[in-house]
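First listed ligand is number 1; within each ligand, the first listed atom is number 1. Keep in mind it's a predicted model, so treat the numbers as computed, not measured.
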Amino acid sequence: MKLVKTIDEVRECVEKWRQAGYSVGLVPTMGYLHEGHASLIRRASSENDKVVVSIFVNPMQFGPNEDLDCYPRDLERDQEVCKTCGAALIFNPSPEELYPSGFCTFVDMTGPTDRLCGSSRPTHFRGVCTVVNKLLNVTQPDRAYFGQKDAQQLAVIRRMTADLNIPVSIVGCPIVREPDGLALSSRNKYLNPGERKAALCLSNGLNSGQKLLEKGERDPAVVQAEIHSIISQEPLARIDYVELVDSATIQPVAVIDHAILCAVAVYIGKTRLIDNFIWENI
Ligand code: AMP
């Protein structure tokens with residue numbers, strides 16, 4: 001496995017693979033890899049001859065008062081994870097490599113980016129779409145892998161690649177959780193022991209919502225209120241949103257009669273965590 005820092009080195013490597021007839025998978029990440037990322041890399045390795053993992057804490061997708069400067073990093077450990085999971089190449093560019101001076105082109109979207117994380121993080125998806133577009137152009141993979149953990153991001157990337165005719169298959173992968181239900185996230189590192197316990201209110205709230213759906217409830221407002229009330233019982237939690245939306249368009253639904261995304265974002269202390277489930281059992 002190789003680690004490279006420049007676009008030219010990635011292109012050279014991928015070009016050689018293409019000449020040899022290899023298929024290529026891409027797993028975009030911000031590093032500090034955990035079992036959720038590892039599951040994406042393993043899946044990519046099982047479906048492609050060569051896998052590129054990008055590790056880049058993308059400044060463009062962070063707002064002015066967010067955690068860009070303290071976002072956790074551990075490149076040495078990340079390399080071990082990538083190697084063990086079968087990656088062939090890590091692309092770890094500097095911000096200047098992807099955004100050289102004079103950079104002024106952005107990929108913007110309306111619709112699927114308007115609500116949920118898009119309303120509390122107004123410039124977030126512009127940063128995500130722009131960097132993912134660049135990473136797809138640099139690596140030109142057959143398939144790119146994204147976690148259902150960031151369900152809105154997955155819907156946005158699917159829409160962007162369709163709208164811009166980018167020749168890649170987008171593969172969504174299931175959420176990996178801790179044994180007690182907390183969705184794995186690099187940001188879980190910020191939680192102190194009390195907050196770690198409190199963070200369970202996200203998955204507990206979602207589980208209660210899911211149970212209502214299993215019992216036949218089809219009014220989104222009722223399911224939303226149930227999840228809201230469970231999470232609100234946790235004193236360390238401050239709810240950003242609890243929403244039930246169409247899983248592809250990320251627009252509100254009046255009644256649950258097709259696949260919906262039920263998503264939450266909650267501050268536990270200063271740490272903003274997200275979690276969700278998809279309901280397809282109509
Ligand atoms: P990040 O490094 O947070 O940008 O995440 C990189 C990719 O890993 C994204 O596609 C995420 O959705 C995915 N991912 C992060 N956490 C998980 C998880 N717990 N389970 C599955 N995929 C995940």
Side-chain angles (χ1 to χ4, degrees), residues 25-47 51-63 66-68 70-75 77-79 81-82 85 87 90-93 95 98 112 116-117 121 124-136 139 141 143-161 168-191 196 199-200 202-203 206 247 250 261 263-265 271-278:
L26 169 69
V27 183
T29 81
M30 297 205 299
Y32 206 71
L33 304 181
H34 51 63
E35 193 48 39
H37 300 109
S39 73
L40 267 57
I41 304 169
R42 280 196 291 267
R43 170 96 180 259
S45 303
S46 74
E47 295 176 353
V51 171
V52 183
V53 178
S54 60
I55 298 181
F56 179 59
V57 183
N58 176 31
M60 201 191 285
Q61 70 189 64
F62 287 78
E66 294 183 351
D67 56 342
L68 173 62
C70 56
Y71 196 84
R73 295 160 213 243
D74 188 346
L75 190 54
R77 220 184 97 243
D78 288 351
Q79 291 186 68
V81 174
C82 290
C85 296
I90 296 177
F91 178 38
N92 176 225
L98 284 191
L116 282 63
C117 291
R121 307 181 73 191
H124 175 66
F125 285 114
R126 176 192 229 225
V128 169
C129 286
T130 303
V131 82
V132 170
N133 222 292
K134 286 175 68 74
L135 292 170
L136 291 173
T139 55
R143 299 174 196 84
Y145 295 79
F146 295 86
Q148 188 61 48
K149 161 84 185 345
D150 298 85
Q152 186 177 16
Q153 169 175 279
L154 179 54
V156 164
I157 300 295
R158 285 193 198 285
R159 187 75 239 177
M160 177 187 78
T161 52
V168 63
S169 294
I170 301 301
V171 183
C173 303
I175 301 178
V176 178
R177 298 177 179 281
E178 299 281 7
D180 64 3
L182 179 68
L184 296 191
S185 163
S186 307
R187 292 190 167 99
N188 292 350
K189 182 183 159 52
Y190 299 145
L191 304 171
R196 170 64 184 77
L200 276 184
L202 280 84
S203 52
L206 288 169
S247 62
I250 317 291
L261 164 68
V264 301
T271 305
R272 185 175 176 280
L273 299 177
I274 57 171
D275 199 353
N276 70 83
F277 68 85
I278 297 272

Counting only heavy atoms, which portion of Leu40 has something under 4.0 Å from ligand 1: side chain, backbone, both, or neither? side chain
Numbering as shown, the atoms of ligand 1 that approach Leu184 to under 4.0 Å (heavy-atom distance): 16 (N), 17 (C), 18 (C), 19 (N)
Counting N and O atoms only, with roles assigned by atom type, does the side chain of Lys149 sit under 3.5 Å from a partner on the main chain of Ala183, one being a donor and the other an acceptor? no
Show the numbers, then the answer: is there a side chain to side chain contact (heavy atoms under 4.5 Å, CB included) between Val81 and His37? CA-CA 9 Å; Val81 174; His37 300 109; 5.8 Å; no
Tell me the contacting part of His37 for ligand 1: side chain, backbone, both, or neither, using a 4.0 Å heavy-atom threshold, strictly below. side chain
Who's closest to atom 6 (C) of ligand 1 heavy-atom-wise, of Pro28, Ala151, Gly147? Pro28
Numbering as shown, the atoms of ligand 1 that approach Ile175 to under 4.0 Å (heavy-atom distance): 20 (N), 21 (C)
Considering heavy atoms of the protein only, find what lies nearest to atom 20 (N) of ligand 1 and give residue, atom and distance to 0.1 Å. Val176 N, 2.9 Å
Quick one: does NZ or CZ of Arg77 land under 6.0 Å from the six-membered ring centre of Tyr32, within 45 degrees of the ring axis? yes
Nearest neighbour of atom 9 (C) of ligand 1 from the list Arg187, Gln153, Lys149, on a heavy-atom basis: Gln153
Which residue holds the protein heavy atom closest to atom 12 (O) of ligand 1, what is that atom called, and what is the gap in Å? Asp150 OD1, 2.6 Å
I need the atoms of ligand 1 closer than 4.0 Å to a non-hydrogen atom of Met30, numbered in the order shown. 1 (P), 2 (O), 4 (O)
I need the atoms of ligand 1 closer than 4.0 Å to a non-hydrogen atom of Phe146, numbered in the order shown. 10 (O)
Salt-bridge present (Arg177, Asp275; N to O < 4.0 Å): yes
What part of Pro174 sits under 4.0 Å from ligand 1 if we count only heavy atoms: the side chain, the backbone, both or neither? backbone
Is there side-chain contact between Val131 and Met60, with heavy atoms separated by less than 4.5 Å? no
Do Gln152 and Asn276 come close enough that some side-chain heavy atom pair is under 4.5 Å? no
In terms of heavy-atom contacts, does CZ of Arg159 have more than 12 from other residues, nucleotides or ligands at under 6.0 Å? no
For residues Val51 and Tyr145, determine if any side-chain heavy atom of one lies less than 4.5 Å from a side-chain heavy atom of the other. no
Please classify the His34 to ligand 1 contact at 4.0 Å (heavy-atom distances, strictly less than): side chain, backbone, both or neither. side chain
